[in-house]
Amino acid sequence: MSNSQHYRGRFAPSPSGDLHFGSLVAALGSFLDARHHHGQWLVRIEDIDPPREVAGATKSILTTLECFGLNWDLDITYQSQRHQFYQDKLNSIIKGNRAYGCDCTRKMIMQSGGLYQGHCLSNNNLSDPHSIRFKNLSGIVEFNDRLQGLTQVGNAFANEDFILKRKDGLFAYQLVVVLDDIEQNITDIVRGCDLLEVSTRQMTLYQYFNHLPVRYLHLPLIVNDAGLKLSKQNYAKALDLTQVKATLLLALDYLGQEVSLQHQDYSVEALLIEAAKNWNISQIPSGPLNTKKIISN
Ligand code: GLU
Ligand code: ZN
């Protein structure tokens with residue numbers, strides 16, 4: 001990587017529950033990649049969706065990161081405090097004639113094949129409530145992921161006029177994640193593969209904002225027996241804070257990083273320094289990994 005001096009990564013959890021093993025792996029991968037490149041690593045709490053938030057989750061996520069030695073640089077940012085910034089940017093997109101209102105229902109979109117077809121592009125008679133969609137003139141169809149390699153999405157997906165602000169008045173993740181990553185000068189995003197395809201939408205917004213896109217590295221997901229991503233919804237367990245080192249060693253193993261036996265004697269801090277030094281992305285498996293192999297429960 002050429003500009004490692006300017007590396008700045010981030011971990012951007014939504015406070016919809018405690019960190020579980022899957023989200024720890026993503027945080028650890030992002031942290032180690034940043035530290036390996038002598039870069040900064042920021043934490044941003046993506047609390048833009050109150051109905052999905054769980055009381056106390058933010059505090060618990062931050063405490064867990066601290067316990068695992070994943071110390072961040074600079075102040076934490078909270079998306080819930082940035083509504084005015086998002087609205088100003090959205091207004092400028094609307095003013096530039098690159099966004100428009102849409103009152104289509106999910107049912108209508110499903111009936112027309114699952115992707116929105118531009119139905120409201122020239123609708124001057126919107127009912128309330130309505131969402132705001134991006135007028136997508138040149139969708140990105142492919143990009144090179146540092147781990148997943150050439151990643152391609154279908155034309156229809158790439159060119160969909162996706163939502164910037166939801167019908168319920170909440171800002172869409174796609175918009176705010178890009179606004180914040182640009183504003184915070186993020187150069188590298190390391191996160192789970194569940195966000196691989198939507199990276200193309202985020203790149204489309206980077207292009208709209210005349211900003212060079214970031215580098216992406218999408219880590220394999222940790223899945224349960226049924227092949228589902230670990231998440232609060234499928235009852236992934238919160239991390240055991242009395243088992244920090246053992247869990248870190250497991251996460252490193254999962255990421256394909258060699259952990260010599262002597263590491264067992266290291267402190268958490270020393271283990272992370274060593275892991276950052278030896279961080280080697282060519283050893284990370286690209287496909288999903290089943291927890292059954294690695295977590296006995
Ligand atoms: N807040 C998003 C999530 O928790 C992740 C955002 C990102 O890494 O781009 O799924
Ligand atoms: Zn519509």
Side-chain angles (χ1 to χ4, degrees), residues 8-20 22-31 33-34 41-49 52-54 57-58 61 65 76-80 82 99-112 115-136 145 160-167 170-182 184 186 188-203 205-206 213-219 221-222 229-233 236:
R8 187 181 266 183
R10 62 20 167 216
F11 179 55
S14 307
S16 53
D18 295 333
L19 285 191
H20 51 71
S23 38
L24 175 75
V25 166
L28 180 65
S30 163
F31 174 87
D33 198 57
W41 189 67
L42 276 48
V43 169
R44 179 172 72 232
I45 300 294
E46 301 211 319
D47 49 355
I48 40 153
D49 194 349
R52 288 192 51 220
E53 280 153 30
V54 169
T58 294
I61 289 170
L65 290 175
I76 294 174
T77 46
Y78 293 86
Q79 290 190 324
S80 56
R82 296 165 61 73
Y100 62 94
C102 164
D103 58 2
C104 293
T105 60
R106 182 181 286 268
K107 195 170 161 207
M108 283 166 69
I109 294 168
M110 291 319 286
Q111 278 165 357
S112 62
L115 284 172
Y116 172 76
Q117 312 274 355
H119 182 262
C120 292
L121 201 48
S122 51
N123 182 359
N124 297 317
N125 195 18
L126 285 176
S127 66
D128 262 339
H130 60 261
S131 58
I132 307 285
R133 289 185 180 269
F134 183 61
K135 195 188 283 183
N136 188 353
D145 185 86
E160 187 183 27
D161 286 352
F162 54 86
I163 289 181
L164 301 175
K165 194 174 190 183
R166 295 167 15 183
K167 243 181 218 177
L170 297 175
F171 292 102
Y173 155 70
Q174 308 297 354
L175 174 66
V176 298
V177 76
V178 171
L179 289 176
D180 284 343
D181 284 333
I182 289 177
Q184 294 188 288
I186 301 300
D188 287 81
I189 293 178
V190 178
R191 61 186 176 193
C193 250
D194 50 329
L195 296 169
L196 182 67
E197 280 84 12
V198 297
S199 301
T200 57
R201 301 197 157 173
Q202 294 171 23
M203 292 175 82
L205 288 176
Y206 275 96
V214 291
R215 285 176 292 251
Y216 289 105
L217 191 166
H218 285 87
L219 296 167
L221 291 184
I222 316 269
K229 178 195 169 197
L230 285 195
S231 70
K232 222 191 96 242
Q233 285 71 27

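Remember, it's 1-based here, ligands and their atoms both numbered in the order they're listed. As a basis for the values below, the full set of heavy atoms in this structure was taken, side chains included, without hydrogen atoms, waters or symmetry mates.
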### Message
Taking the side chain as everything from C-beta on, heavy atoms only, tell me whether Asp181 gets closer than 4.5 Å to Val178.
### Response
no
Provide the number and element of each atom of ligand 1 under 4.0 Å from a heavy atom of [X].
X: Val177; result: 9 (O)
X: Tyr173; result: 6 (C), 7 (C), 9 (O)
X: Ser14; result: 1 (N), 2 (C), 3 (C), 4 (O)

Taking non-hydrogen atoms only, is [X] closer than 4.0 angstrom to ligand 1 via side chain, backbone, both or neither?
X: Gln202; answer: neither
X: Phe11; answer: neither
X: Asp194; answer: neither

### Message
How about NE2 on His130, more than 12 heavy atoms from neighbouring residues, nucleotides or ligands closer than 6.0 Å, or not?
### Response
yes
### Message
I'd like to know if the Zn ion (ligand 2) has an N/O/S atom from His130 within less than 2.8 Å of it, counting both backbone and side-chain atoms.
### Response
no
### Short N/O/S contact of His119 with the Zn ion (ligand 2) (below 2.8 Å)
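Short answer: no, not a single N, O or S atom is under the cut-off.
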#### Entry: Minimum-distance protein heavy atom relative to atom 5 (C) of ligand 1
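I find the closest protein heavy atom is Ala12 O, 3.4 Å.
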### Task
Provide, to 0.1 Å, the distance between atom 8 (O) of ligand 1 and the closest protein heavy atom, together with that atom's residue and name.
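In this structure, atom 8 (O) of ligand 1 has Arg10 NH1, 2.7 Å as its nearest protein heavy atom.
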### Query
Looking only at heavy atoms, what is the nearest atom pair of Trp41 and Ser30, with distance?
NE1-OG, 2.7 Å
### Message
Quick check: closest heavy atoms across Ser131 and Ile163, and the distance to 0.1 Å?
### Response
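That closest heavy-atom pairing would be OG-CD1, 4.0 Å.
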Just by distance, do the side chain of [X] and the backbone of [Y] share a donor-acceptor pair under 3.5 Å?
X: Asn136; Y: Glu160; answer: yes
X: Asp103; Y: Ser127; answer: yes
X: Lys167; Y: Cys104; answer: yes

### Query
Would one find an N or O of Leu195, backbone or side chain, under 3.5 Å from an N or O of ligand 1?
no
#### Entry: Nearest option to atom 9 (O) of ligand 1, as decided by whichever heavy atom of His218, Gln79, Glu46, Arg191 sits closest
Arg191
### N-O pairing of Arg10 and Asp180 below 4.0 Å
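Looking at Asp180 together with Arg10, the answer is no, because their closest N to O distance does not fall below 4.0 Å.
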